[in-house]
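Just so you know, these numbers come straight off a predicted model, no measurement behind them. Lettering follows sequence order; numbering is per chain, from 1.
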Amino acid sequence: MVRVAGLLFVLSHVLPHNSAITKSPTTPVGKVSRAGAAAPRRSYQSDVRLGQIVRLLMDHATVVVSGTKISQQIGTTRSQVWRLIQQLRRLGVDIAGHPATGYQLRALPDLLLPDILAPLVRGTIFSEHIHHYYKIGSTNIAALEAATAGAPEGSVFLTEEQTAGRGRSSRSWHSSRSAGIYCSVVLRPLLPPADVLILALAVALAVKAAVEEIGANLKVDLRWPNDLLLEGKKFCGILTEMSAEATRVRHLVVGIGVNVNHSDFPASIEKEATSLRLATGTEWSRVELTAALLKSLDREYRNLLRKPDAPGSILRRFSQQSSYVRGMQVHVDENGGFDGVTESLDPRGFLQVRTAHGMRTVLSGSVRPKPQ
Amino acid sequence: MNQKELKELIEFLKEQDIAEFELERGDVKVRIKRATPNTSLPHDARFVAVPAAPPPPSLPGHAPVTPAAHSTPAPAKEAPGEPPEEALHMVRSPIVGTFYEAPSPGAPPFVKIGDSVEVGQVLCIVEAMKLMNEIESDVAGEITKKLVTNGQPIEYGQELFVIRPRK
């Protein structure tokens, strides 16, 4: 991974040319209602019409829809419709036609638009507040800002392209346009911070389940704490950022980056990075995978909140599904660095490594296989 | 649910700006409705408490703030020089993890001794399992001591900084 110093808290403002699609505000359901905590105000233009056009064309996929009809349906002019169609084409949406003939989709677009995604994740905590960007610094920063401003639990931030995707210790995350899933969610668990740690492992299990649900024969490995690997190369990373006091969590932002349809990587990371497409030889639907991922995450999260035995289940499943938990010769990049053989997870989820000087607990360092 | 938990709940609702809250667990039922400056509720008194729940302490609007950890001692005889020990505030870690004083390796630390900090200002990061926890200051004042070093593993509840609260 490329190291980019100083990125972590600098890029708090997204670029001015961003446009955002935000689902129109919905009436809060359930018994918690917020006073004055409206959706975060954004300084850049919000254009829900792009999603509306795609939805409209999808609903009439077999016929040509006239520019006039579109302009009436979304309440704008025909020339605006033409401009928006051009914008969609630049994003890779395959639309046939021009103002004189009307428009038709040639293929279903694989854009992570709220209008497309929301119906697929109905019934989860993620269906009501999906925010989509064409380009953004980092979805984690957008989610953190929104969470600080009061964004509700279950808010989702997706982007087609990240200009400053982040990894651990300010490593950058290679985020090509529309090739990956760059997704951050806001959670507000009513749990003490110490009990939330295990969610770091649960998110990895959730993403693994989603990937294997679609790619049935894939053998995904988990590298402690939450990297997803195929053939020893990483295709998904997870970075969680928490704002907490001693006894309670204010909010938690879980950022998930998945390399889906990347066909290559910069030379500096090609030895350790892969994508689902490179590993399987076929294009994946990002929409389908994102929906599966959010549903799977919803399941893990609800279990953690409601089932007293959830932590035990997470530890057990992680240990079964990861080759890193037991018997691997590793180097750990923590506290000066040390070598050893992995032994197990402790009850909190930390990795135990047997070294020449006794058992050591890995809290946060990166763990890599060490050739014998 | 005891008095302390209820207080914490109310503080949480206030902080998150949650107007209404209802909880039913077994035979305990709690229902809280807060009046907020920007919503006028004509009937907010009706929902203050329901039977089966212990009466929450004076709810509407401005619930009493729980005594802060740095409770100012009763003005006793002024000790010359050193401020009284109780006046200093201790920042502790809410999780086990690795302590980072800066946002990234090589970057300047969030705070150093002698710095003046505000409530909510980030003091450091504690990382566990790629979960980065930003520790914020819960008081305004001056950093007088840093009790841990960069990259050090720390325990739950371990003391990280000493802050002399601003008067």
(request) Counting only heavy atoms closer than 4.5 Å, note whether A/L199 contacts chain B via side chain, backbone, both or neither. (result) neither
Any side-chain heavy-atom pair of [X] and [Y] under 4.5 Å:
X	Y	result
B/M129	A/N226	no
B/K130	A/D227	yes
A/P192	B/Y156	no

(request) Report, as yes or no, whether the 6.0 Å neighbourhood of atom CZ on A/R326 holds more than 12 heavy atoms from other residues, nucleotides or ligands. (result) no
(message) Heavy-atom count check: over 12 atoms from other residues, nucleotides or ligands less than 6.0 Å from A/R354 CZ?
(response) no
[X] [atom1] to [Y] [atom2] distance, which is reported to the nearest 0.5 Å:
X	Y	atom1	atom2	answer
B/E134	A/M242	CD	CE	10.5 Å
A/R348	B/I95	CZ	CD1	11.0 Å
A/I198	B/L131	CD1	CG	12.0 Å

(request) For residues B/N133 and A/A244, report the shortest heavy-atom separation together with the two atoms involved. (result) OD1-N, 3.7 Å
(request) For A/L363 and B/G97, work out which heavy atoms get closest and say how close. (result) CD1-O, 3.3 Å
(request) May I ask you to name which of B/G106, B/P153, B/G151, B/P94 has the most heavy-atom pairs under 4.5 Å with chain A? (result) B/P94
